[in-house]
Amino acid sequence: MSDPQTPASPAKVYSPRDVELKWYSRWERSGYFHAVVNPSKPAYTIVIPPPNVTGVLHMGHILNNTLQDALIRYKRMTGFEACWIPGMDHAGIATQAVVERSLSKEGKTRHDLGREKFIQRVWKWKEEYGGVIVRQLRTLGASCDWEREKFTMDETLSAAVREVFVRLYEEGLIYRGKYIVNWCPKDHTAISDDEVNHAEQQGKLYYIRYPLSGPGKRHITVATTRPETLLGDTAVAVNPKDERFTPLVGSEAILPLAGRTIPVIADDFVDPAFGTGIVKVTPAHDPNDYWIGQRHNLPQINIFDVSAALNENVPEKYRGMDRFDARKAVLADLEAAGLLEKTEDHVNSVGRCYRCETIIEPYLSDQWFVKMKPLAGPALDVVTNGTIRFYPERWTKVYENWLNNIRDWCISRQLWWGHRIPVWYCVGDGHCMLECKQPIVSRTTPERCPHCGSTNLRQDEDVLDTWFSSWLWPFSVHDWPGQEATGKAADLRYFYPTDTLVTAPDIIFFWVARMIMAGLKFAPTFTGSSDPAKNIPFRDVYFTSLLRDEKGRKMSKSLGNSPDPVELIDEYGADAVRFTMLYLAPLGQDVVYASEKNELGRNFANKVWNAGRFLLMNRDQTGEAPPAAGINTDHADLADRWILSRLHTTLEEVRSAVAAYEMSRMAKTVYDFLWHDFCDWYLEMIKSRLYGDEPAAVKKAVVSRALGVYDAALRLLHPLMPFITEELWQTIRAREDSVTIMQSRIPDLDPAMIDRDVERQMTFVQNIIEAVRNIRGEMSIPPSREITLAMKTGPAHPPAALRLYEGYLQRLARVTSLSFLDGTARPRMAAAAVVDGEELFVPLEGLIDIGLERARLQKEIDRIAAMLNGIRAKLLNASFTAKAPPDVVAREREKESAFETTMTKLMRSMEQLSDGA
RNA sequence: GGACGCUUAGCUCAGCUGGUUCAGAGCGUACGCCUCACACGCGUAAGGUCGAAGGUUCAAAUCCUUCAGCGUCCACCA
C-alpha cells in the first residue's frame, strides 16, 4: 500500500494494527500506566467496575472502558496523577457454573470432588482460562495501572470481607433469619433468581371456600393455583380499600382440612380485581405471602421437607405425599367437603431449575442478612445533597426510590466458590453450655469454642454474595484493613476517594448504592474523618448509555446481536472503535450501534494520518522542525492567527465538555477542529504560501507553525485515539526514548489567543470562497476552466485588505486573478453573489448560458426575500416592537437593513443579466 | 401496575435555561473532480409544516397539559 513515488514516506492508508500492537507493550513495559503517591499533584482515580473472571469483552465493556480511559488519559495530560485500578470479580455463581459444566463432561459433580478439591479446581480454571477480558482490555488501549490489579478472592480482599462481616455482626447489623429462596427439590439446593427459568404454562385456578368462624354458615372464597399449600396458610387477606370485604377484617376463618382458625387481614398487596379479591396467605411457601407475613407478624408454617414432600406439620393422612400428589388429595377432599366452588383455566408463569427442569419450590430456609435501613440513610443523604453527583442526574430519582424502600440484604449463598461465611458453630464434646448455641463470628478460624472449650467446630457451609466483596472494592484494592502492614496506607489516603465511577445503570442497586454505604460506614477507619465528603467512595457517577442494534433491540449476550469487539478492533483498529463509540454515545442517551459505523472512526484516523504525511513531506522539504515548546508565530498572517484562535476555542470547548462528562461533544469538537478547520481550510491555505515564491525563512516558519498546531491537536486527540496519536507525535519530531505523548501536557487554554475579529474576517474570506465554488458547481464550470473574480466592496473591506488574501482565493476558489470594480461599473455578463453586503462577480463571457445563472440568482433572491418577509412581518407587529426587549428589536432592524442591501444588489445583478442578454 | 426516557432530513443523531449559526451535522443520494496529504478523499446540491392536539407568550423544535407510538428499569401474574 505504500506510495511508489516516495517509498520512504509513510503509507497513504493508515494501517492501525501494526501501530497499535507496537505501542501498548512499550507503554506497559515503560511503566507509564503506574501511578504513585505524588504530593505535588492532585490524584485522579477511577476503579474499574471489576468484570467477571469468566467474562469476555462485549460492546458494553468497549463503551465503558473507552470512557474511562479517555477520562484517565485526559486527566493524566492535564496535571493529575491519574490512577486507574483494574481487577476482576470472582463471580460466584457464574464461575462455579462454568467449572461444574466442565466437570459434568467428565461425568462428575462437585460433590464427587468434595469442597476442597472443587475449589482447587476453580482456582486452576481461573489461572488457565480466567481473565480473558483483562488481556482484551489491553488491545483496546486501556491505560490501567496493572501493577495494582486485584481479584476479589485475593487474600487482602478476603480479609476486608471478613473484617466487614465481623464488624457488622458485632454492631448487630448482620443477623440470621428465615428467608424464601428458590429451592430445587431434586438437587436439594437453593438457586438464585437468575438460575430460574420462567415459562408460561397452562394451569388451573381453584376457588376454595373457607368457612368463617362464628354463628351462621357464612364462608369466603379464595382463588389459588396451589391448593396443597393451604395446609400452611396462616391468614386470609383482602385489600384494605375493598369495601366488599373490609367488614370481615379482624374476623376469623376456619382453614379447611386442617381445622385451624386463621385471621382475616388487610394488605395492599391484594388485587381486588383478581380472582375473588381474597387471598390465602402461606408465608412459608410463597415470596409475596412471606412479605405479607412479615408485615402482619404471621406465623410461618413449613409443610414441606427438602424433597417437597409433606412433613409432620400437616394432618397425618397427607404426610409423606409428594407435593403434586398432595394437590390431588387435597382437591379431592375439598370436593368431598363441598368446599371446592369451581375450577378455571389459568395461564401462569412457572419457574424451573435451569439444570434439572424440576419445578422450583419457594422454600423457607436459614440465611444471613444485613440490616439495610441504618446504612441506607447516610447513603441517601450524600446523593440528595450533591456530595455525590450522578450523570445524567435523573438516576438520582431511581436511587432514592430504591433506598427509601430498601429491604434487608440476603448475603448468604449456597455455593462453594466465594468467601465462606466467617461463622462457626460449636458441635460440642459433652460440656456444652447454653451459650454454645451462639454462632462464633471471627476474623480468623477459631481453635476452640469460647464457652465450652470444645475444638469440635463446624464452619457455616454457605458463602457470601459476590457483591459482599464488590461493595468494598474502592478501598479494599488498597489492602484495607491491612494497609499499614502492606505499606499501602499512604496510597489509601492519597487515592481514596476515587473521582469518577463509570458504570451501567442496571447495577445501581447491586453495586453503586452498596459501595456508597460501605464507604460511609468503613472509610472513617482510615480517613479518620466523619465528613461524608471524605468517606464517599467516589464523587461522580457516570451512567453509560444503553447499546441497541439496528432494530432497536438491546444488545445482549442472549440475543446474540452484539458484534464481537475483538473482530471490530481487528478490522477497524482500536482507535477507530474507541473514537466511534465516544462519538456516538452522548451522555444519557441510548446508542444505536452497527459495525459499519466504525468507518467514521477509521476514516478520521486516516485523515489525521494523512495530514501528518503532508506536514512531514513539507518538513523534509523545508528542513524545518517545530520549536521545542510552543508554537512559532513568525510571519503569521490571517490564516495563522485564525487557526490559533480556533485551537484555543477548541480547547475551551473540550474543557467544558469533559467537565460535564459530555465525551461525545468532546469527540465531535476535536473531530471538527482537525478535519474542517485544520485540514479543509488551514492546510489548504498554507499551501498557497508553501508552494508560492515566499522566502525560505517564511516557508520554514509556516511549516513549523503548522507542525506546532498539529502537535497540540494530537495531544488533544490522544485520550480518544491513543495509538495513532502516539505514533504521529513520535514521528513529526525526534523525541527522546523515554518520552511519550501520554505523559505530555494538553496545551493550557489561553483566552487571549481567541480573537473574534480574526474569526469574523476569516469567515468573510471563507464565504467568498464558498460563493465562488457555488457558482462553479451550479453553473457546471469544469475545475480545469480558468475563471477570474471581480469584487465591488465598501469601506468595511477595502481592496488593500482583500489583496492580502488573494493567494487563498486563487488556491481555494481556483480563480486566476482578483480585480476590483469602481463606481457604478458592473460586468456585463457575470455570475453574481453578495457576501456580507459586498458584491462579487465571476465574468461568464462565452462560458455558459444565461438562463442557468438567472435561475441560480433567482433562487438566492427568493431565499433572501423569504427571510426579509419574515422579519418585516415581525417588525410590523405592534405588540412585538412594544413588548420584545429593545435589543431584540434592534437586532431585527439591523437584519432587515442588511437583507435589504443584499436584495438590492442581487436585483441589480439580475437586471444587468437581462440587459446583457 | 409504578418510575424514567425517547419521537427533528431516507438512516443515525446535535440543537443547554424560549428571539444571531434556527431549522443543523454525519451517513446515504445526485452532480462534478484520481487538484503535487488523503477516493477511508475534495467540491457543490437536493431533502424536514421539528410525533399528534391543545395551551402559555409579542415570539415555541425549545416551556405546560393531554394523547399516540417506541424503549429501559422496578414491581407483579395468588
Side-chain angles (χ1 to χ4, degrees), chain A residues 3 5 9-10 12-14 198 200 205-206 222-226 229 237 269-271 274-282 286-289 292 346-349 392 394-395 397-398 401-402 405 505-506 508-509 546 548 550 552-554 572 576 583-584 586 588-594 596-597 599-618 660 662 664-665 668 671-672 679-680 683-684 687 691 763 769-770 773-784 811-814 874 877-885 887-889 891-892 894-895:
Chain A
D3 186 344
Q5 251 76 49
S9 74
K12 258 178 154 173
V13 173
Y14 173 56
H198 288 274
E200 299 263 295
L205 190 59
Y206 304 96
V222 303
T224 180
T225 54
R226 299 204 55 196
T229 63
F269 165 76
V270 181
D271 175 4
F274 187 89
T276 60
I278 306 177
V279 183
K280 62 191 269 311
V281 181
T282 322
D286 182 279
N288 299 306
D289 293 6
I292 295 177
H346 179 68
V347 175
N348 64 341
S349 167
R394 62 187 153 88
W395 289 107
K397 281 188 190 160
V398 179
N401 189 39
W402 187 72
N405 297 293
D506 52 354
I508 187 168
F509 309 133
L546 184 71
R548 303 171 177 286
E550 288 158 295
R553 299 173 306 178
K554 181 179 169 179
Y572 296 98
Y583 190 95
L584 291 177
Q589 228 42 62
D590 293 353
V591 176
V592 177
Y593 196 88
E596 312 82 69
K597 293 197 174 185
E599 288 173 13
L600 172 89
R602 182 200 61 184
N603 295 355
F604 182 49
N606 194 241
K607 188 72 180 175
V608 172
W609 179 257
N610 276 293
R613 287 180 65 227
F614 170 75
L615 291 171
L616 284 174
M617 204 179 75
N618 283 284
E662 293 176 28
S664 172
R665 201 175 99 215
K668 285 187 175 77
Y671 179 94
D672 286 342
C679 291
D680 287 352
L683 290 187
E684 292 306 318
K687 282 177 185 173
Y691 301 149
T763 302
I769 291 166
E770 279 166 350
R773 284 172 173 174
N774 172 270
I775 289 169
R776 263 195 187 279
E778 291 284 284
M779 309 289 292
S780 298
I781 302 171
S784 52
R811 177 158 281 271
L812 283 104
R814 299 182 163 274
K874 234 186 212 183
N877 182 346
S879 47
F880 171 70
T881 47
K883 294 188 180 175
D887 59 312
V888 172
V889 178
R891 221 180 291 139
E892 290 300 313
E894 277 169 35
K895 269 202 277 189

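Chain identifiers are assigned alphabetically (A, B, ...) following the order of the sequence lines, protein sequences preceding nucleic acid strands; residue numbering begins at 1 within each chain. All values derive from a computational prediction rather than experimental measurement.
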Using the C1' atom in both, what is the distance from B/U29 to B/G47, to the nearest Å?
9 Å
What nucleotide, of B/G19, B/C38, B/C58, holds the atom closest to the side chain of A/Val888?
B/G19
Distance check needed: B/G26 C1' versus A/Glu599 CD, whole Å only.
12 Å
Residues that A/Asn288 engages under side-chain hydrogen bond (donor to acceptor under 3.5 Å, both in side chains), provided they are two or more places apart
none
Taking the cut-offs as 6.0 angstrom to the six-membered ring centre and 45 degrees off its axis, would you call A/Lys597 and A/Tyr583 a cation-pi pair?
no
Round to a whole Å and report the spacing from CZ of A/Arg613 to C1' of B/A37.
6 Å
Over all strands shown, is A/Asp680 touching base, sugar-phosphate only, or nothing at heavy-atom distances under 4.0 angstrom?
sugar-phosphate
Measuring only the P atom in each nucleotide, how far is B/A52 from B/U62? A whole number of Å is fine.
11 Å
Return the set of residues passing salt bridge (Lys or Arg N to Asp or Glu O under 4.0 Å) with A/Glu892 (not counting sequence neighbours), or none when no residue passes.
A/Lys874, A/Lys895
Test for a donor-acceptor pair under 3.5 Å between the base of B/C38 and the side chain of A/Lys607, counting only N and O atoms.
yes
How far apart are the C-alpha atoms of A/Lys607 and A/Tyr671, what are their side-chain angles, what is the distance that settles it, and do they pass the side chain to side chain contact (heavy atoms under 4.5 Å, CB included) test?
CA-CA 10 Å; A/Lys607 188 72 180 175; A/Tyr671 179 94; over 6 Å; no
If the C1' atom of B/C36 is compared with that of B/G41, how far apart are they to the nearest Å?
15 Å
Rounded to whole Å, please give me the gap between CD in A/Glu894 and P in B/G19.
18 Å
Using O4'-C1'-N9-C4 for purines and O4'-C1'-N1-C2 for pyrimidines, with syn meaning within 90° of 0, is B/U20 syn or anti?
syn
Same-atom distance (P) from B/C50 to B/A60, integer angstrom
12 Å
So which protein nitrogen or oxygen atoms get under 3.5 Å of nucleotides 31-36 of chain B's nitrogens or oxygens?
from, atom 1, to, atom 2, distance (Å)
B/U35, N1, A/Arg814, NH2, 3.2

If you look at every strand shown and take non-hydrogen atoms under 4.0 Å, does A/Glu778 touch a base, only sugar-phosphate, or nothing?
sugar-phosphate
Tell me what A/Pro885 touches on the nucleic acid: a base, only sugar-phosphate, or nothing, going by heavy atoms under 4.0 Å.
base
Heavy atoms under 4.0 Å, any strand shown: does A/Ala223 hit a base, just sugar-phosphate, or nothing?
sugar-phosphate
Over how many whole Å does the gap from A/Arg773 atom CZ to B/A45 atom C1' extend?
14 Å
Whole-Å distance between B/A75 P and A/Phe269 CZ?
13 Å
Whole angstrom is fine here: how far is it from CZ in A/Phe604 over to C1' in B/C42?
17 Å
A/Trp609 atom CH2 is separated from B/G41 atom P, nearest whole Å, by 17 Å
For A/Arg394, what residues pass the side-chain hydrogen bond (donor to acceptor under 3.5 Å, both in side chains) criterion, not counting sequence neighbours?
none
For B/G41, does OP1 or OP2 lie under 4.0 Å from any side-chain N or O of A/Asn610?
no
Partner residues of A/Thr224 under the side-chain hydrogen bond (donor to acceptor under 3.5 Å, both in side chains) criterion, sequence neighbours left out
none
Can you confirm whether A/Leu683 sits close enough to A/Leu615 that some side-chain heavy atom of one is under 4.5 Å from a side-chain heavy atom of the other?
yes
Which residues pass the salt bridge (Lys or Arg N to Asp or Glu O under 4.0 Å) test with A/Arg773, not counting sequence neighbours?
none
For A/Glu894, what residues pass the salt bridge (Lys or Arg N to Asp or Glu O under 4.0 Å) criterion, not counting sequence neighbours?
none
Walk me through it: do A/Leu600 and A/Tyr572 pass the test side chain to side chain contact (heavy atoms under 4.5 Å, CB included)?
CA-CA 10 Å; A/Leu600 172 89; A/Tyr572 296 98; over 6 Å; no
Is the phosphate of B/G41, meaning OP1 or OP2, less than 4.0 Å from a side-chain N or O of A/Asn603?
yes
Quick check for you: among B/C38, B/A78, B/U44, whose closest atom lies nearest to any side-chain atom of A/Glu770?
B/U44
Taking only the C1' atom of each, what is the distance from B/G15 to B/A61 in whole angstrom?
8 Å
Pairwise C1' distance, B/G43 and B/U20 [rounded to whole Å]:
28 Å
A/Asp672 with A/Lys668: basic N within carboxylate O range, under 4.0 Å:
no
On a whole-Å scale, what distance lies between the P atoms belonging to B/U21 and B/U65?
27 Å
Which residues satisfy the ring pair (Phe, Tyr, Trp, His ring centres under 6.0 Å) test with A/Phe509, sequence neighbours excluded?
A/Trp402
Torsion-based syn/anti label for B/G47, 90° from 0 as limit:
syn
If each of A/Thr224 and A/Leu600 is mapped to the nucleotide of RNA chain B with the nearest heavy atom, which maps nearer the 5' terminus, i.e. the 5' end?
A/Leu600
Suppose we screen for ring pair (Phe, Tyr, Trp, His ring centres under 6.0 Å). Which residues come up paired with A/Tyr14, at least two apart in sequence or across chains?
A/Trp609
Sorted by chain and number, sequence neighbours left out, side-chain hydrogen bond (donor to acceptor under 3.5 Å, both in side chains) with A/Asn401 holds for A/Asn405
Categorize A/Glu684 for me: base, sugar-phosphate, or nothing, with a 4.0 angstrom heavy-atom threshold over every strand shown.
base
Residue whose nearest RNA chain B nucleotide is more 5′ - A/Leu683 or A/Arg602
A/Leu683
Could you check how far OH of A/Tyr14 sits from C1' of B/C40, rounded to whole Å?
13 Å
Which whole number of Å gives the distance between the P atom of B/G18 and that of B/A59?
15 Å
If a pair means Watson-Crick or G-U wobble with both distances below 3.5 Å, what does RNA chain B look like in dot-bracket form, with | marking bases paired to a different strand?
(((((((..((((.....[....)))).(((((.......))))).....(((((..]....))))))))))))....
Encode nucleotides 1-15 of chain B as B, S and - characters from 5' to 3', where the letter depends on protein heavy atoms closer than 4.0 Å: B to the base, S only to sugar-phosphate, - to neither.
---SSS-----SSS-
